[in-house]
Amino acid sequence: MNAKNIFKMEMYKNIQDKTYMIVLVVFISISVILNFSWLAISLSEIQFQDFPILITLLGIATAFSILALAIFALLYPFHLLNVDYKNKVMSLMIASGVSRIKYYFVKIGATILSQLTAMFLILVVPFFTFFIFNQEIIIKMFESLDLTVHSADLFIGLLSNVLSLIALMVTMALAVILTRGKTSGLFVYIALSFASRIVQATLIGFFLALLSTDSFETSLNLISSNNIFSLGYHIVEILVFGSIGIFSLRKQDL
């Protein structure tokens, strides 16, 4: 079975996951309700003192929704990565001749695509609603950006965020592989991620300390240097955790 067919099969399984599809629909519904509620308050120019209970309840509901979305953003990819262990599907796939390395890369790719699709569906309604009713603010914001001068920094920052997402999935996949899909894998991921962030912060601090001088021009370049360093660190993070994950999966008795 080639990588394309494996990818199609993984995406089909993700779409057929009824429990998380229901959760996704619930989040989309909550996003629509909260977004139009705040929009109605904004357009009607209601003040807090006019309806304090209503606005307070909306604020609490929004805060809890953001917290729930953050938890969902963590649990959903973890579920997708470990479901084949729990359902004993992986051993059957490997026994049928599917390459473990192909499976590893396809699984991460399908998980990233599913995660991005879910987040897009949840957040697209608020964004486009805000854009439709606040076009002048959006236009002024883009006009204020000096895209010619900062296009390189914007590209590096965007690329760094993309690599950060890939590194997150690779780290989570490693935790799932090491724990064979057990729930404890989530805590292993948190520990690995926390340790990696400590190393990153330490190295960035050391890196910026070497670059920092009294020169104003050098100070202006610190943010750019930070983005470049973060980009390089995420690449190393992907290579290290990815190599360990692939090695562990190849040696694992399924």
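Keep in mind it's a predicted model, so treat the numbers as computed, not measured.
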Cluster check [X], [Y]: I/L/V/M/F/W/Y, side chain < 4.5 angstrom:
{"X": "Ile60", "Y": "Ile71", "value": "no"}
{"X": "Phe64", "Y": "Leu58", "value": "no"}
{"X": "Phe247", "Y": "Tyr85", "value": "no"}
{"X": "Val176", "Y": "Leu113", "value": "yes"}
{"X": "Val170", "Y": "Leu75", "value": "yes"}

Atom pair [atom1]/[atom2] of [X] and [Y] - distance to nearest 0.5 Å:
{"X": "Met169", "Y": "Leu81", "atom1": "CE", "atom2": "CG", "value": "7.0 Å"}
{"X": "Ile108", "Y": "Ile112", "atom1": "CD1", "atom2": "CD1", "value": "7.0 Å"}
{"X": "Ile177", "Y": "Arg250", "atom1": "CD1", "atom2": "CZ", "value": "12.5 Å"}
{"X": "Thr117", "Y": "Leu24", "atom1": "OG1", "atom2": "CG", "value": "9.5 Å"}
{"X": "Lys4", "Y": "Ile6", "atom1": "NZ", "atom2": "CD1", "value": "13.0 Å"}
{"X": "Leu74", "Y": "Ile190", "atom1": "CG", "atom2": "CD1", "value": "6.0 Å"}

Task: Which residues share a side chain to side chain donor-acceptor pair (under 3.5 Å) with Thr62, sequence neighbours left out - done: Trp38
Check whether any side-chain heavy atom of [X] lies under 4.5 Å from a side-chain heavy atom of [Y], and answer yes or no.
{"X": "His234", "Y": "Ile166", "answer": "no"}
{"X": "Val89", "Y": "Lys13", "answer": "yes"}
{"X": "Met119", "Y": "Leu69", "answer": "yes"}

- [ ] Quick one: do Gln16 and Met21 satisfy side chain to side chain contact (heavy atoms under 4.5 Å, CB included)? Show the steps, please.
- [x] CA-CA 8 Å; Gln16 293 298 313; Met21 288 300 102; over 6 Å; no
So, for [X] and [Y], which heavy atoms are closest and what is the spacing to 0.1 Å?
{"X": "Ala110", "Y": "Asn14", "result": "O-ND2, 3.8 Å"}
{"X": "Phe78", "Y": "Thr183", "result": "CZ-O, 4.1 Å"}
{"X": "Ser160", "Y": "Leu231", "result": "OG-N, 3.9 Å"}
{"X": "Leu80", "Y": "Val83", "result": "O-CG1, 3.4 Å"}
{"X": "Leu249", "Y": "Arg100", "result": "O-NH1, 2.6 Å"}
{"X": "Thr179", "Y": "Gly185", "result": "OG1-CA, 3.3 Å"}

Open item on the list: Under 3.5 Å, is there a donor on one side chain and an acceptor on the other for Tyr233 and Ser196?
Closed with: yes
Task: Counterpart residues, side-chain contact (heavy atoms from CB on, under 4.5 Å), relative to Ile244 (two or more places apart) - done: Leu174, Val240, Ser248
Task: Listed partners of Glu237 passing salt bridge (Lys or Arg N to Asp or Glu O under 4.0 Å), at least two apart - done: Arg197
Open item on the list: The criterion is salt bridge (Lys or Arg N to Asp or Glu O under 4.0 Å); which residues satisfy it with Lys86, sequence neighbours excluded?
Closed with: none
Task: Phe7 and Met11: CA distance, side-chain angles, deciding distance, side chain to side chain contact (heavy atoms under 4.5 Å, CB included) verdict - done: CA-CA 6 Å; Phe7 184 81; Met11 292 303 299; 3.7 Å; yes
Open item on the list: Quick one: does any side-chain atom of Ser91 pair with a main-chain N or O of Lys88 as donor and acceptor, under 3.5 Å?
Closed with: yes
Task: Donor-acceptor contact present, side-chain Ser29 to main-chain Val25, <3.5 Å - done: yes
Task: Partner set under ring pair (Phe, Tyr, Trp, His ring centres under 6.0 Å) for Tyr20, not counting sequence neighbours - done: Tyr76, His79
Open item on the list: Show, in sequence, the C-alpha distance, side-chain angles and deciding distance for Ile122 and Phe72, and conclude whether the side chain to side chain contact (heavy atoms under 4.5 Å, CB included) test is met.
Closed with: CA-CA 11 Å; Ile122 294 172; Phe72 174 79; 4.2 Å; yes
- [ ] Mind running side chain to side chain contact (heavy atoms under 4.5 Å, CB included) on Ser65 and Leu34 for me, showing each step along the way?
- [x] CA-CA 9 Å; Ser65 298; Leu34 289 177; 3.3 Å; yes
Task: Where at least one partner belongs to residues 104-126, residue pairs that pass salt bridge (Lys or Arg N to Asp or Glu O under 4.0 Å), sequence neighbours excluded - done: Glu10-Lys107, Asp84-Lys107
